[in-house]
Asks: 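I have a structure I would like to understand better, so I am pasting it below and will then ask my questions one at a time.
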Amino acid sequence: MKKSIALLLVLLMAAAAFAGCAAEQPAGPQEPAPAPEAPKPAEPEPPKTTTLTVVTSYGGDDGNRQNFQNAVSEYETLTGNKVQDGSATSNEQWKAKVMTDFETGTEPDVLFYFLGNDANPFIEANKVVSLDEIRAAYPDYAGNMKESMLVPSPADGKVYAVPSTGFWESMFVNTKVLSEAGVAVPGADYTWEQFLSDCEKIKAKGLTPVAVSLQEVPHYWFEFTVFNNGNSANHLDIPAAATDATGQKWAKGFEDLKQLYELGYLPKNTLTATDAETVQLMLDNEAAFLIDGSWKVGFFVENAADHLDDYKLSYVPGKGERKATDIIGGISMGYYITRKAWEDPEKRDAAIEFVKHLTSDEVVSRFVTTEVTALKNGAKPAGLNVIQQSAADMCGGVTTLVFPVQDLLSAEARADLFGNVKNIVTGGKTAAEAIDAGLALNK
Amino acid sequence: MNSPLYRKKWPLLIFLLPAFAFLAVFLFYPFVQNILNSFLNISGLGTAAAGFNEPWYHDYIKMHSDPNMATALKNSLIMTGATIVFQVGLALLLALLVDRIKLGAKLFRTIYFFPIVISATALGLLFNLIFLYNGGMLNQLFASLFNTAGNLDFKSEKYFLATMLTPVMWQYVGFYFVIFVTGLNNISSEVYEAAELDGAEGLKRTFYITLPLLRNVLCTCLVLGITGALKVFDLPWVMMGEGIPMDKSWLLGTYMYSQAFNRGDVDYASAIAVLIVILGVIFALVSNKLFKQKDY
Amino acid sequence: MAAKAKHSLTHIRRQKLPQLLSYTMLTFWGITTVYPFFWVIINSFRVKGEIRSDSFSIPWPWKASFTLDNYRVAAARADFIKAYTNSLTISLLVTAAVVILAGLAAYALVRYEFRLKKYIYGLVVASMMFPVFSTIIPVFRMEVVLGIASTGKRLLSLLSVVLPQIAGNLSFSIIVLMGFIRSIPVEIEEAAYLDGCGPIGIYFRIILPVARPSFATVSIFAFLWSYNDLFTQMFFLRFPEERTITLLLNEISSQAGVNYGLMAASVVLVVLPVLLVYVLLQKNIIKGLTVGAIKG
């Protein structure tokens, strides 16, 4: 009995191994060798080469991981330097790792990281080099970027990172569900009232109007409902208390969200489902509207490849002073050069070259399909598929791009505020209470 | 132990030192750091402390008034009770049963071990698919069997406790089972033969011979079970992350993780860790007293 | 003669019912432990779209729902041999160290009486409670200072994982071994002492052989725990050539929130080698289990 179990397991392993091996043969030319391992054959070594340690979020399952690894290989060929790539998926543990590295003096030479408050600890500790300082020695550094789109750090107002690609947040729609419910695909003039009546029609058909997981990702709806109760000029204001004008604006935003919940337009299990589960509703043609970001386009391409034209990008319904075509977006991550690399004469040039290569027009264009960039000449993405084209069209109609206000809150405040969304919509807490609780944690 | 063999104490050092060196360096010292952290003001994992809390015992007061802490304590105690009854209890029962049969004993011993081999993340995936609202196994089954109108939300406030406890219970039965089986095999067959001559067999044999001889192993398993239940994290987090539903399913382990990583309140998380340790030590010492281990 | 035959007939009949019940229970539990594996394996061969709608039927190779794609994607991503080697190296080192150190410590804690004994035992229990993420950062800092962590050198990085994992496993191993060693009658050791054997000799010549199954049990658990310990590995192993198989496959499936097929394939790839090792080693454990029975 034991032997047969062992035999079965061996057979299964062999099957798995065969499947794997069979797959490796037809791997196309784009497949990079595990980056730092494969030495390039017989290359005349240029005089001073070094090993650069790099950490980015283009690891794990990031959509641009392949692009990043290709760019790194190119850099290695161009300069003869080697790259130690410690990239990993961006999540809380990754952030903790980066912070610990700075604390213990093991930070990388080049770091691709967030531009906002998340970077404050190491900026305040003077562990990265500002753009001005770099440009004093390398005048054409980041020369291909629009000055106006370089993001200053909230810590001291100086620019430290060279932006790579940005993001936008807008509304994905399932056209199949919409047509089943007799609802027209929303356009640039979509209003909140139309949206409510559309949701009613969809609900009447037994489908779910809005796909959202309030317990895990209420982020996007928060941004847009607050935006709907204000305008692009004051969107980035942070209230001092729930009672001031901005606080009341936020409270109204939460009320709108609560209204959607009470009208039954959200998934029945929105308070216990994960984001993955509710997005699945879109894939299963059970839900019509999903607010998400540019990164989600790749998700649809991968998971809905056989019915990609059922999905389109449209605009979040507008109210009051906000037009539907005013959307949330911006650039949130960029390349930092650490002081550790800067002060090491061997590494300084290598680091500069690396960032230059990865933020060059050509490379950035590969990462981008429809996202915002700071490039002066704009990105030139090629070969857009049907949903990417829809996204590009949507971006083409954008009137204002506003940074998300939640990024200006501290991580603690943000987590607390969003953790209370489920309490607000069920009446356990008032919006004002939740706002005050969150603000109390905002440093 | 008054055996003359063990009167001289110097070999103690050789035996204990290596293990304790490891424990001291890699566990005790960092935990002392952790205790210290619970008095400081740290707002992000990995970032430096920004001075002491005001007042320095701020986090401990917070624990008192935090409703989620009360929930976490309650749930962890429930989890501990369930562990004792289901994990240890069921494992003991299964081990006793397997000990009695001849045919298939080896097979059962092998396959009962399987759940432990899979990582908690993989198990979480499996159970999530069983309990999934849209198209999970149970809902599919119910739909085809009973033709019910809607899906059951197994993570809703009605069912979440069972949904959270079941996978954790199931996963670790095999662990205690293997320990019990090993313990049972340490009982020599001669003891049983002698007992049989005296006319004790079946249930009598179990209660009067086997269980008493298993006492030490039983005590070990209880200690492990209780301490494990207090700090369990992996599986509950994958299935019921962030206390869903509505902050009702927090456990001490998951709440601490959430505070450290998602809320960035590292000092509070450290304080919770201290609480977990204190509770664990108390419970372990109490169960040791109750089940006074016998030396032979 | 007839009386004896009659006695044995009723004897058999009396035994049949409990036996039947036993088998029923055991089989039932066996199904629950094997089925998840079966489920994961069949779903790793299933086409992506079908998993949620129909995850419980068998995708025979001739059916449309069969696919090797999941394995293809997983295999194309990485250097498997290296990852497996890393995993095995780490886990085997951890297991060896834990078995040696824990055995020594457990023996001393059971047999010797000394003043601080209760406190040391309390410390061991306490160290079992420390959650791994409360100690990970100070350990990381310490290893950086010692020049072990974050060096970019593969062997050192593996070592940086091995050390904290040894410590993490020591406490529970000590407790389990204490329970088993306590069950060994001390008379054998006293006899050996009279023959001129000191405690160290006794440990190696008597305790180790007699408690072999217990050591085997502990080593399996230590190996598994180390193999599946995602968190420590994630924190210390940054570069591709140091990554373990669990880390690798976790990365591949981490954001594939809905790609259950890929996740199932990842689970299979992680779990199968370990299962294989366990099934093959079973022979040794079973043999050890019977040899370990104390004679006389």
Side-chain angles (χ1 to χ4, degrees), chain B residues 1 3 5-6 9 11-12 15-16 18-19 22-23 26-27 30-31 33-34 46 94 97-98 100-101 106 108 110-112 114-119 122 125-126 129 135 137 178-179 182 185-186 188-189 216-217 220 223-224 227 231 253 256 260 270 273 276-277 280-281 284-285 293 295-296, chain C residues 22 25-26 29-30 33-34 36-37 52-53 55-56 101-102 104-105 107-108 111-114 122 125-131 133-135 137-139 163-164 166-167 170 175-176 179 182-183 185-186 189-190 193 199-200 213-214 217 224 228 263 267 271 274-275 279 282 286 289 293-294:
Chain B
M1 192 80 327
S3 167
L5 164 58
Y6 297 113
K9 308 286 186 189
L12 249 188
F15 285 115
L16 286 181
F22 259 98
L23 289 179
F26 289 100
L27 286 182
F31 197 71
Q33 182 78 43
N34 184 67
L94 290 172
L97 287 179
V98 167
R100 310 280 238 92
I101 66 175
K106 275 193 208 152
F108 287 126
T110 315
I111 62 180
Y112 284 177
F114 282 5
I116 310 175
V117 176
I118 326 185
S119 69
L125 155 68
L126 168 63
L129 274 175
M137 170 175 117
V178 171
I179 297 185
T182 312
N185 276 285
N186 280 342
S188 89
S189 45
N216 292 327
V217 176
T220 307
V223 168
L224 288 178
T227 51
K231 78 167 191 188
M256 175 182 59
S270 306
I276 295 181
V277 171
V281 174
L285 290 179
Q293 297 211 1
D295 291 323
Y296 286 92
Chain C
S22 305
M25 248 213 96
L26 290 172
W29 189 258
T33 53
V34 169
F37 270 87
R52 275 190 355 103
S53 47
S55 58
F56 296 94
L101 296 177
L104 292 170
Y107 172 58
R111 292 296 185 228
Y112 283 95
E113 288 296 327
F114 51 99
V125 172
S127 66
M128 211 167 41
M129 303 297 305
F130 299 161
F133 27 93
S134 70
T135 53
I137 293 190
V139 169
L163 295 175
I166 293 179
L170 268 180
I175 300 218
V176 171
R182 220 186 272 271
S183 308
V186 77
E189 299 157 44
E190 290 178 335
Y193 177 58
I200 300 184
S214 320
T217 308
L224 274 177
N228 279 328
M263 288 161 112
V267 170
V271 159
V274 180
L275 269 187
V279 168
Q282 264 280 291
I286 304 268
L289 286 174
I294 301 157

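Sequence lines set the chain letters: A, B, ... in the order given, protein chains first and strands last, and positions in each chain run from 1.
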Asks: Over all heavy atoms of both residues, which pair between W29(C) and L94(B) is shortest? Give the atoms and the distance, please.
Replies: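 Scanning both residues, the minimum pair turns out to be CD1-CD1, 3.6 Å.
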Asks: Any idea which heavy atoms bring I111(B) and T33(C) closest together, and the distance?
Replies: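 Heavy atoms of I111(B) and T33(C) come nearest at O-OG1, 3.3 Å.
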Asks: To the nearest 0.5 Å, what is the distance between CG (L12(B)) and CD (E113(C))?
Replies: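 Here the rounded value is 10.0 Å.
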Asks: Looking at K231(B) and M129(C), what are the two nearest heavy atoms and their distance?
Replies: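 Looks like CD-O, 3.6 Å.
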Asks: Under a plain distance cut-off of 3.5 Å, with no hydrogens placed, do S214(C) and T182(B) share a side-chain donor-acceptor pair?
Replies: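 Note: T182(B) and S214(C) side chains miss the donor-acceptor criterion.
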Asks: Locate the shortest heavy-atom distance separating I175(C) from V223(B); write the atom from each residue and the value.
Replies: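 Of all heavy-atom pairs spanning I175(C) and V223(B), the closest is CD1-CG1, 4.4 Å.
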Asks: Which region of L224(C), side chain (C-beta onward) or backbone (N, CA, C, O), has a non-hydrogen atom less than 4.5 Å from a non-hydrogen atom of chain B, or is it both or neither?
Replies: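 Contact with chain B is through the side chain of L224(C) alone.
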Asks: For the CZ atom of F114(B) and the CG atom of L275(C), what is their distance to the nearest 0.5 Å?
Replies: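 Nearest 0.5 Å value for the CZ-CG distance: 5.0 Å.
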Asks: With a 4.5 Å heavy-atom cut-off, do L16(B) and L104(C) have their side chains touching?
Replies: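 Not in contact.
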Asks: What part of I276(B) gets closer than 4.5 Å to chain C, counting heavy atoms only: side chain, backbone, both or neither?
Replies: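 Both backbone and side chain.
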Asks: For V176(C), is it the side chain, the backbone, both, or neither that has a heavy atom closer than 4.5 Å to a heavy atom of chain B?
Replies: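 Contact with chain B is through both the backbone and side chain of V176(C).
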Asks: Taking side chain as everything from C-beta outward and backbone as N, CA, C, O, which of these in S270(B) sits under 4.5 Å from a heavy atom of chain C? Side chain, backbone, both or neither.
Replies: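 For S270(B), there is no contact with chain C at all, as no heavy atom is under 4.5 Å.
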Asks: Tell me, out of G122(C), A126(C), A102(C), who's got the most heavy-atom pairs with chain B below 4.5 Å.
Replies: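 Among the listed options, the one with the most contacts to chain B is A126(C).
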Asks: Does the side chain of T220(B) reach to within under 4.5 Å of the side chain of R182(C), using non-hydrogen atoms?
Replies: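 T220(B) vs R182(C): side chains apart.
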Asks: Quick check: do V125(C) and L285(B) have side-chain heavy atoms less than 4.5 Å from each other?
Replies: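 When only atoms from C-beta onward are counted, L285(B) and V125(C) do not touch, as no gap falls below 4.5 Å.
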Asks: Is any side-chain heavy atom of F26(B) closer than 4.5 Å to one of I166(C)?
Replies: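 SC-SC contact between I166(C) and F26(B) ruled out.
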Asks: For the CD atom of Q33(B) and the CD1 atom of I137(C), what is their distance to the nearest 0.5 Å?
Replies: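 So the gap between those two atoms works out to 10.0 Å.
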Asks: Quick one: closest heavy-atom pair of P115(B) and F37(C), and the distance?
Replies: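 Distance-wise, the nearest heavy atoms are N-CE1, 4.3 Å.
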Asks: Please examine the side chains of R100(B) and S22(C), heavy atoms only from C-beta on, and report whether any two atoms are closer than 4.5 Å.
Replies: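 A side-chain contact is absent here, since even the closest heavy-atom pair is not under 4.5 Å.
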Asks: Between chain C and each of V117(B), V98(B), N34(B), I116(B), count heavy-atom pairs under 4.5 Å; write down the option with the most.
Replies: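 Highest number of pairs under 4.5 Å: V117(B).
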Asks: Heavy atoms only: give me the nearest L23(B)-A167(C) pair and the separation to one decimal.
Replies: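 L23(B) and A167(C) have their closest heavy atoms at CD2-O, 3.6 Å.
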Asks: Could you list the residues that satisfy side chain to side chain donor-acceptor pair (under 3.5 Å) with N228(C), not counting sequence neighbours?
Replies: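 N228(C) satisfies side chain to side chain donor-acceptor pair (under 3.5 Å) with no residue once adjacent residues are dropped.
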Asks: Under the ring-ring contact (aromatic ring centres under 6.0 Å, His included) test, which residues partner F130(C), sequence neighbours left out?
Replies: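 Only F31(B) meet the ring-ring contact (aromatic ring centres under 6.0 Å, His included) criterion with F130(C).
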Asks: Please flag which part of Y112(B) lies under 4.5 Å from any non-hydrogen atom of chain C: side chain, backbone, both or neither.
Replies: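 Answer is both: backbone and side chain atoms of Y112(B) are under 4.5 Å from chain C.
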Asks: Calculate, to the nearest 0.5 Å, the distance between atoms CG and CZ belonging to L170(C) and F22(B) respectively.
Replies: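 Between atom CG of L170(C) and atom CZ of F22(B) there are 7.5 Å.
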